[in-house]
Amino acid sequence: MTLFAASALAGRRALVTGASSGLGRHFATMLAGHGAHVIAAARRTAALEEVVAEIRGSGGSATATAIDVVDAASVDAAVAASGRIDIVVNSAGIALTKPALDTDDAAWRDVIETNLTGAFRVARAASRAMAGAGHGGSIINIASILAFRVAKQVAAYATAKAALVQLTQSLALELAAKQIRVNALAPGYVVTDLNREFLASAAGEAMVKRVPMRRFGAASDLDGALLLLASDAGRYMTGATIVVDGGHGLAWL
């Protein structure tokens with residue numbers, strides 16, 4: 001159940017990257033369910049069309065646009081084609097689980113380019129459009145609890161997410177006078193199709209014992225925080241990072 005009305009985002013237009021699967025797909029459908037017109041963006045256009053069809057089938061409004069966040073020209077073109085943008089959810093990302101000493105330059109670069117530089121490119125293009133049109137907006141970067149507490153074999157991912165939190169604060173400071181708010185959402189371990197098998201494994205069962213709530217998150221557990229940052233309910237918030245992790249960061253060891 002949500003405390004936000006179904007019309008909380010009526011009249012807003014939200015660009016969601018990484019919308020073809022996982023949390024990005026959930027965010028896209030959830031924002032549409034609260035009245036936003038969603039511009040679902042990702043590389044996999046066939047999967048995006050499924051997302052758009054799902055949203056429209058539920059009575060929402062959505063369009064699809066191809067975007068590759070590691071390509072500045074692709075980002076600029078997608079933002080230009082999107083028309084007015086009021087909300088950005090930077091959800092595109094990739095994970096890498098590998099010991100640091102076995103991580104080559106190419107793998108490191110891929111994670112940093114997608115999770116950090118890609119988010120910067122999208123935020124830059126969208127904020128330029130917002131400022132140029134003379135209206136503000138909300139940019140929400142999807143970080144991680146690994147931005148604050150590390151684990152083994154995630155050096156590249158944790159570094160990218162920690163830097164994304166710092167980027168969030170830097171952009172918030174620069175863009176506040178333009179009425180563009182920039183915040184971050186840092187989920188704990190949330191069950192998606194990508195990690196469902198691992199979280200159900202013996203390793204996952206051991207991990208969940210370290211979560212004070214004794215369960216992993218569901219995508220819907222992130223809805224309240226995301227809606228707060230996207231809507232006027234959070235209109236005086238910028239530079240903040242909201243952690244939603246069931247208390248996991250309090251009992252990491």
With sequence neighbours left out, what residues match [X] under side chain to side chain donor-acceptor pair (under 3.5 Å)?
X    : value
T159 : none
D193 : R196
R181 : none
D221 : R215

I'd like to check the salt bridge (charged side-chain N to carboxylate O under 4.0 Å, His left out) partners of [X]; sequence neighbours left out, ordered by chain and number.
X    : answer
E174 : none
D86  : R84
D232 : R12

| request: Can you run down the side chain to side chain donor-acceptor pair (under 3.5 Å) pairs that involve residues 126-142, sequence neighbours left out, and say none if there aren't any? | output: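 Of all non-adjacent pairs touching residues 126-142, those that pass side chain to side chain donor-acceptor pair (under 3.5 Å) are N90-N141, N141-T168.
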| field | Closest non-hydrogen atom pair, A156 against I112 | value | O-CD1, 3.9 Å
Who are the side-chain contact (heavy atoms from CB on, under 4.5 Å) partners of [X], not counting sequence neighbours?
X    : value
D110 : I94
A240 : N183, M237
D102 : K98, P99

Can you give me every donor-acceptor pair (side chain of residues 51-61, partner residue at least two apart or in another chain, under 3.5 Å) with its distance?
{"residue": "E54", "atom": "OE1", "partner": "R25", "partner atom": "NE", "Å": "3.4"}
{"residue": "E54", "atom": "OE1", "partner": "R25", "partner atom": "NH2", "Å": "3.0"}
{"residue": "R56", "atom": "NE", "partner": "A62", "partner atom": "O", "Å": "3.0"}
{"residue": "R56", "atom": "NH2", "partner": "A62", "partner atom": "O", "Å": "2.8"}
{"residue": "S58", "atom": "OG", "partner": "E54", "partner atom": "O", "Å": "3.2"}
{"residue": "S61", "atom": "OG", "partner": "H37", "partner atom": "ND1", "Å": "2.5"}

| task | Check the angle between the aromatic planes of F4 and H34 and answer parallel, tilted or perpendicular using the 30° and 60° thresholds. | result |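 F4 and H34: perpendicular rings.
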